[in-house]
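Counting from 1, the numbers follow the sequence of the chain as shown. Remember, it's 1-based here, ligands and their atoms both numbered in the order they're listed. Quick note: numbers below take in every heavy atom, side chains included, and nothing from hydrogens, waters or symmetry partners.
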Amino acid sequence: MKMITSIQEMMRESERLREEKKKIGFVPTMGFLHDGHLSLVERSVHHTDVTVVSVFVNPAQFAPHEDFKEYPRDIQKDKRLLEKMGVDILFCPDQEEMYPEDYKTFVEVHGFQEKLCGRSRPIFFRGVCTVVLKLFNIIRPDTAFFGQKDAQQAVIIQKMVKDVNFPVHIEVLPIVREKDGLAKSSRNAYLNSRERKAALVLFLSLKAAERCLKNGEKNSSIILAEIKRILDSEPLAEVEYVEVVDPRNLEPLKRIKDRALIALAVKVGKTRLIDNLTIGV
Ligand code: PAF
């Protein structure tokens, strides 16, 4: 596995690969890799000619009061995991390389970035879109892989590439869960053992929603009430939002017809966790 830290070198490498008619698969990450990331990497390794993984903890998507400094990092372990999986290139630029002092350009997807997580994290998707579009321009992938766990992120990235006509195929892969159902996330590392147990309530509440749907319930407010009832039964959980939205535009849905995204964000102790359930997607 080649490790590249310079944008110029990554661009040269990508140009060379395209000249050789290689299909480039790309998995953007902030490192501290878990099985969720590795499922994306595995898919890329098996379905493209060359896999590039980026590890970059993107300061632009953290508000000043958020956990940029504490965000877990272990580049040596990430390197070992990626090497073992057959990744061809690890791109890990530093902050100065991605955002030099005179950096001024940001990407926004209005009407999408303000919803769901955007309400409590107003600069988050602007930071995500900016770094992802930069990485796309540097790496020029044929296919980029994202996890369904970050459902809003996946919807926004798809909208961004469509709007700016970026020639990349976005593949969104299912949520990877711990044995008990908790969605894998780098931030699970923040949970102490009591909080880890409490965090399961996110999954349990979505399971209850699934049961409602199986019984034929279509009314969003009834499904949301059931989810909230379960989340509220956990004293360590503080609900930020639970919503039923259209996965195409993130607009709230009163009734579930064909497609729906049930998304939630909950604080367990100081750790903010997200999870979701898709219907018909
Ligand atoms: O999902 C993430 O880890 C990040 O938001 C991403 C896409 C790597 C951009 O920094």
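Residue, atom and distance of the protein heavy atom nearest to atom 3 (O) of ligand 1 are M30 CG, 3.7 Å.
Looking only at atom types and distance, the side chain of T130 has no donor-acceptor partner in the side chain of R126 under 3.5 Å away.
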Practice item. Go through the steps for I89 and I4 under the test side-chain contact (heavy atoms from CB on, under 4.5 Å), then give the verdict. Key: CA-CA 7 Å; I89 299 173; I4 299 180; 3.8 Å; yes
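Considering only residues two or more places apart in sequence or on other chains, F112 meets the ring pair (Phe, Tyr, Trp, His ring centres under 6.0 Å) condition with none of them. For F166, the ring pair (Phe, Tyr, Trp, His ring centres under 6.0 Å) partners are F136, not counting sequence neighbours.
Those atoms of ligand 1 with a heavy atom of T29 less than 4.0 angstrom away are 8 (C). Residue-ligand proximity, V131 to ligand 1, at heavy-atom distances under 4.0 Å covers atoms 9 (C), 10 (O).
Taking all heavy atoms of Q61, K134, K149, Q153 into account, the minimum distance to atom 9 (C) of ligand 1 is reached by Q61.
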